[in-house]
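Proteins get letters first, then strands, A, B, ... in listed order; numbering begins at 1 in each. No experiment lies behind these values; they were computed from the predicted model shown.
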Amino acid sequence: MKKYDHLKIEGKWQKEWDKKKVYQAKNAGKGKKFYGLVEFPYPSGAGLHVGHIRSNTAMDIISRKRRMEGYNVLYPMGWDAFGLPTENFAIKTGIQPAIVTKRNTDTFRKQLKSMGFSFDWSREVNTTDPAYYKWTQWIFLEMYKKGLAYKAKSEINWCPKDKIGLANEEAIGGVCDRCGGPTEKRVKEQWMLAITKYADRLDKDLDGVNYLDKIKIQQRNWIGKSEGLIFSAKVKDSDITIQTFSAHYEACFADTFFVIAPDHPLLDKLLEGRKEKDAVLKKAKEIVQKRDTQGNEYKDVDGVFTGRYAIDPLGNGELPIWVASFALKDYGTGIVKCSAHDERDFAFANKFNIKIKEIIIPKVVDKKNPPQEGKETVERNAIQAIIINPKDQKVLCLKWKKFPWTTLVVGGIEGNEDPILAARREVLEETGYKNLKYIKTLGGQVESHFYAAHKGVNRKALFTAVVFDLENEERVETSAEEKSIHDIHWMTWDELGKDKNLTCSEYDIWVDRFFNKPHPVMDGVLMEPLEFKGREIHEVRSDITRWLVDKGFATKKTTYKLRDWVFSRQRYWGEPIPLINCGSCGWVPVPVKDLPVTLPKVKSYAPTDNGESPLATISSWVKVKCPNCKGPATRETDTMPNWAGSSWYYLRYTDPKNKKEFASKKNLKYFTPVDWYNGGMEHTTLHLLYSRFWHKFLYDLKLVPTKEPYAKRTSHGMILAEKGEKMSKSKGNVVNPDDLVKLYGADTLRMYEMFMGPFDQAVSWSTESMIGPRRFLERVWKIYQSMTVKNPKDKKFLADYAASSVENILHKTIKKVTEDIENMNFNTSVSSMMILVNEMDKVGYVKDSDFKMFLQMLAPFAPHITEEIWRDMGEKKSIHLSKWPKWNKSKIIDDEVKIVVQVNGKVRTEIMVSADMDEESIKNKALNDKGTKSWIDGKEIKRVIYVKGRLINIVV
RNA sequence: GCCGGAGUGGUGGAAUUGGUAUACACGCACGACUCAAAAUCGUGUCUCGAAAGGGAUGGGAGUUCAAGUCUCCCCUCCGGCACCA
């Protein structure tokens, strides 16, 4: 028997596929096309990661299946090769980035080829290739011409020790990634791309694409669309008008103060000539500094009064304007109108004793005695009296005799009666205590809904809680009637809260208010404006919006969290920004005929002392003639971020060698959109959003045929190291795929990565477990080698075979694998193929036509071993160009089915019935089965439930 | 804090979407082959119980003939965002 020599087999077929161009896509082929895409890797020095293999194998399986289904498949690969690690390596070693990149991409290519991926290598692209980045620059200039690229001041992270601008990921927590020292913010003029102009479409068009829900949700959160209102307010004693943005404005009549961001541009003007100016600005600066250095850790409620007031547009008078730590200059208008009905505003008002006004009252529904349908609802104002005995701090409670109720003293307010008087009266009537000292009223009213069983009506009560101290025990005799209703008890707050019969849904509210633990009311019933009085806050929004706008109080406004894209980097290893700065003409685009602006060679790759790109040191490159006026001018020395090249690479694959356009219309029309794009969740908010933005821009220029670049987007889970931590060089837990390919083979590695767990979830690596898929492939190999009957004509053999389960399981497996691949359930397709192989092994023989179908189904997973056996069986053409097997319905149907018999939901026995037996007969058979008898004998059978082809449940 | 996702044997995980919980695989134990080991093959492997039976899907309640799956509350872990008005 021949040994399964994976090294020999895999090398042989990889060469053959290359030679025969098996995986090359045809430009504008006639038939149906499929464009499968995986994120092109950054060719780091560390080489291919097992995570790359997971994603690439998945799309490889899908692409291979599509090919076998008759599609013209484009499954390309390339290099996202600009970036920091290469540049930092160059700074350290002096080796040119281009040379390092060449070296790394060669390694990656070799590794990817050794995995047997069906990439069309004739379409390889590289973002650092001038022939590629010519078009990156070209698209940028188109954006510039349309006003989407502009220069603005922006903050960068700056390390004063290394004198270098740092990317955000290099300055996490305000610490320099290189030297560990503190970083600071520096304001620099930077090129920006106006992605916010596309924010609405980037949000809305998600409706039309097939992305995983979690991806859409993350993108939507990132874009952060929020529909709200703008209020304008005149500042008192000045001609300034401030504007505020609110998204939650239902309670805007409660607003009692304004806050402005400490770094708001208007702050200076607001303070002009005022005595508070210096103190306020000092405080504001302090807050901004804390924010910068502490980042997300900074959560202090802090602020200062500006000394100025603005006139409330809703007629609530002059409201103070404060500087507040939580106000952000870049969101909304940077100024907020604040009320007690917002958590942050409330905390701020509390801390600085700013007057508040509450216009939402809480609404509670008694869960024990909920309002009953069909009963009349009686509305009234009422009190709850909280009588405290100062000796032991116990609370006066009533235990009802006819009902299982424990309550406070409760009673209605009559007419225009004062709540305190009403409370005194009720306490006297119900308990006889007459000497009470008024302490306080617990906040505003609470709207309470319950069924008053003693009165037989539903009640909507507006409760006010009034607190008294008991001065002494002196009581008047209460009426016999009162005595028959309830007993008096004194309980601590705690005892009361734990009382099973407590009938007071307001209890938690009273406790919080009593012990001065105020929290903002966010939900409940609106009291102002009068037009909306009594309505619940969560259902009033659309009406109150219309009302506020119609009355001219406010105007509608939509804001986004998404910010414009900072597009400049003061780095060497990126696409030069193709603009020229001319003293007389301003910024002038490099003429298209002069593109690309290529990177010159430099001596040092480190940024200059003042934070400029190293390109700035090469005066021969920087100094140019203005393309416009021919006068002296200088080149922009900033480069693009590495998100630039990846924003459109999928377009270049369709026509990678085109010198006249970034891709021909014809090819774009045929191949785009990408039918299926798989990648990591870490690219959901940046790369995915950026490339959608570029694509939409190109669509507006009518340069691409679709609104969206990717029809479908899925994502893979991360592969973690054995202990469940991230793989990283520093932890030394990185798995090297090269070793595994040598030891077990690419087919085994591919199978293992598909088998190890659900594709979309994170899994821990386990080299030990790889032996499973390896054994599986060896078993496949062995079955083929020992398969003796090749062309069976022997009737007895055919009859035996038909009686065996191989054929049945084979067709079931084809069905399962066919469906599983579409849903990326690779782990279960592998396990079902394992079950099939175990069966073939057990039976001991298999028809070769059936074995071939099995090989075809396995081919996308393990392309080498299947090709080897396929050819050895006499096939002349590649298995990967053969037709995807179809399952035969009639072979899936079982003649006999197993029915589980349950008694009262517990499995008691199983019966075998023929598939066409009718329900009645099956039920009878189950009831008379001896396994069932002992469980149902002498018991009344109440119901028999039959689930077709599955089970019978006998209820006794 | 907010938004996602998850919690099932010693381990990775399955479960036709409400219908036999633990498929498949790893590991482990025992056996066969072997002078021996490796590899391979076979048997066993949630738990209590001698058995009959009972109990288990993070915890607690509920709906149902039937719950890993649905509903409510709570706990833990992972990912993303984080003062977004």
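Residue contacts for A/D213: at a heavy-atom cut-off of 4.0 Å it reaches no nucleic acid atom on any strand shown. Residue A/G334 is classed as a base contact, given a heavy-atom separation below 4.0 Å to a base. Residue contacts shown for A/K337 are absent, as no nucleic acid heavy atom lies under 4.0 Å away. Using a 4.0 Å heavy-atom cutoff across all strands shown, A/Y298 reaches at least one base atom of the nucleic acid. Across all strands shown, A/R908 has heavy atoms under 4.0 Å from sugar-phosphate atoms exclusively, and none from any base. Across all strands shown, A/S325 has heavy atoms under 4.0 Å from base atoms, whether or not it also approaches the sugar-phosphate. Counting any heavy atom pair closer than 4.0 Å across all strands shown, A/E343 reaches no nucleic acid atom. Counting non-hydrogen atoms under 4.0 angstrom, A/P758 reaches the backbone sugars and phosphates but no base. Base engagement by A/A327 is indicated by at least one non-hydrogen atom pair under 4.0 Å involving a base atom. Residue contacts for A/V336: at a heavy-atom cut-off of 4.0 Å it reaches a base atom on one of the strands shown.
Using atom P as the reference point in both B/G44 and B/A23, the two lie 12 Å apart (nearest Å). A gap of 15 Å separates the P atoms of B/C30 and B/A39, to the nearest Å. B/A50 and B/A61: their P atoms are spaced 29 Å apart (whole Å). Atom name P, nucleotides B/U11 and B/G19: the rounded distance is 26 Å, in whole Å. Distance noted for atom P between B/U57 and B/U69: 9 Å (whole Å). Between B/C70 and B/A15, the two P atoms lie 14 Å apart (nearest whole Å). B/C26 and B/G80 have their P atoms separated by 33 Å, with the value rounded to a whole Å.
The separation between A/N825 atom CG and B/A23 atom C1' is 14 Å, rounded to whole Å. At whole-Å resolution of the value, CE in A/M681 and C1' in B/C78 are 13 Å apart. In this structure, A/L562 places its CG atom 14 Å from P of B/C81, rounding to the nearest Å. The distance from atom CE of A/M770 to atom P of B/G27 is 13 Å, rounded to the nearest whole Å. As rounded to whole Å, 13 Å separates atom P of B/U17 from atom CG of A/L951. Rounded to an integer number of Å, the gap from A/F231 CZ to B/A85 C1' is 12 Å.
Between A/N827 and B/A23 there is no side-chain polar atom (N or O) within less than 4.0 angstrom of OP1 or OP2. Residue A/S226 places at least one side-chain N or O under 4.0 Å from the OP1 or OP2 atom of B/A85.
Under the rule for a salt bridge (charged side-chain N to carboxylate O under 4.0 Å, His left out), the partners of A/K891 that lie at least two apart in sequence or sit in another chain are A/E807. Under the ring-ring contact (aromatic ring centres under 6.0 Å, His included) criterion, A/Y4 pairs with A/W781, not counting sequence neighbours. Residues forming a side-chain hydrogen bond (donor to acceptor under 3.5 Å, both in side chains) with A/S766 (at least two apart in sequence, or on another chain): A/S769. Considering only residues two or more places apart in sequence or on other chains, A/R775 meets the salt bridge (charged side-chain N to carboxylate O under 4.0 Å, His left out) condition with none of them. Evaluation of the side-chain hydrogen bond (donor to acceptor under 3.5 Å, both in side chains) rule for A/T558 yields no partner, not counting sequence neighbours.
The residues A/K337 and A/D312 are annotated as salt-bridged, a charged nitrogen and a carboxylate oxygen being separated by less than 4.0 angstrom. A salt bridge links A/R713 and A/E39; the closest N-O separation between the charged side-chain nitrogens and carboxylate oxygens is under 4.0 Å. Under a 4.0 Å N-O distance rule, the pair A/R563/A/D330 does not qualify as a salt bridge. Between A/K197 and A/D564 no salt bridge is recorded (no basic side-chain N to carboxylate O distance below 4.0 Å). Ion pairing between A/K782 and A/D841 holds under the 4.0 Å rule for side-chain N and carboxylate O.
Each of A/Y744, A/F776, A/W765 was checked for a ring-ring contact (aromatic ring centres under 6.0 Å, His included) with A/Y752, and the lone residue meeting it is A/W765.
Inter-residue side-chain proximity for A/D345 and A/D255 is flagged as unmet; no heavy-atom pair is nearer than 4.5 Å. For the pair A/N733 and A/E722, the minimum side-chain heavy-atom distance is 4.5 Å or more. Side-chain contact check for A/P320 versus A/F258: every heavy-atom pair is 4.5 Å or farther apart.
Taking the syn range as angles within 90° of 0, the glycosidic angle of B/G9 is syn. Nucleotide B/U17 carries a syn base; the chi torsion (O4'-C1'-N9-C4 or O4'-C1'-N1-C2) is within 90° of 0.
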Report, one pair per line, the protein and nucleotides 40-45 of chain B atoms (nitrogen or oxygen only) whose separation is under 3.5 Å.
| unit_1 | atom_1 | unit_2 | atom_2 | d |
| --- | --- | --- | --- | --- |
| B/U40 | OP1 | A/R775 | NE | 3.0 |
| B/C41 | OP1 | A/R779 | NH2 | 3.1 |

Polar pairs (N or O, both sides) under 3.5 Å between protein and nucleotides 48-52 of chain B?
none

Completion exercise
With B for base contact, S for sugar-phosphate-only contact and - for none (protein heavy atoms under 4.0 Å), nucleotides 63-69 of chain B reads --BS---
Completion exercise
Reading nucleotides 2-12 of chain B from 5' to 3' and marking B where a protein heavy atom lies under 4.0 Å of the base, S where only the sugar-phosphate is that close, and - otherwise, the string is -SS-------B
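Within the shown strands, nothing qualifies as a pairing partner of B/G49 under the Watson-Crick or G-U definition with both distances less than 3.5 Å. Using N1 to N3 plus N6-O4 or O6-N4 for Watson-Crick, or N1-O2 and O6-N3 for G-U wobble, each under 3.5 Å, B/C83 pairs with nothing. For B/G42, the paired base is B/C30 (Watson-Crick or G-U wobble, both distances below 3.5 Å). Base pairing annotation: B/A14 forms no Watson-Crick or G-U wobble pair, as no partner gives both donor-acceptor distances under 3.5 Å.
The salt bridge (charged side-chain N to carboxylate O under 4.0 Å, His left out) pairs that include a residue from residues 749-768 of chain A are A/D60-A/R750, where partners are two or more places apart or lie in different chains. Applying the ring-ring contact (aromatic ring centres under 6.0 Å, His included) test to pairs two or more places apart or on separate chains, none has a residue in residues 931-956 of chain A.
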Output side-chain donor-acceptor pairs under 3.5 Å for residues 822-834 of chain A, partner residues at least two apart or in another chain, one line each.
| unit_1 | atom_1 | unit_2 | atom_2 | d |
| --- | --- | --- | --- | --- |
| A/E822 | OE1 | A/R66 | NH2 | 2.9 |
| A/E822 | OE2 | A/K65 | NZ | 2.5 |
| A/E822 | OE2 | A/R66 | NH1 | 2.9 |
| A/N823 | ND2 | A/E819 | O | 3.3 |
| A/T828 | OG1 | A/D820 | OD2 | 2.8 |
| A/T828 | OG1 | A/N825 | O | 3.1 |
| A/S829 | OG | A/N825 | O | 3.1 |
| A/S829 | OG | A/F826 | O | 3.1 |
| A/S831 | OG | A/T828 | O | 3.3 |
| A/S832 | OG | A/T828 | O | 3.4 |
| A/S832 | OG | A/S829 | O | 2.9 |

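Both A/Y331 and A/W222 sit near RNA chain B, but only A/W222 has its closest nucleotide nearer the 5' end. The residue among A/V907 and A/F245 whose nearest nucleotide of RNA chain B lies closer to the 5′ end is A/V907.
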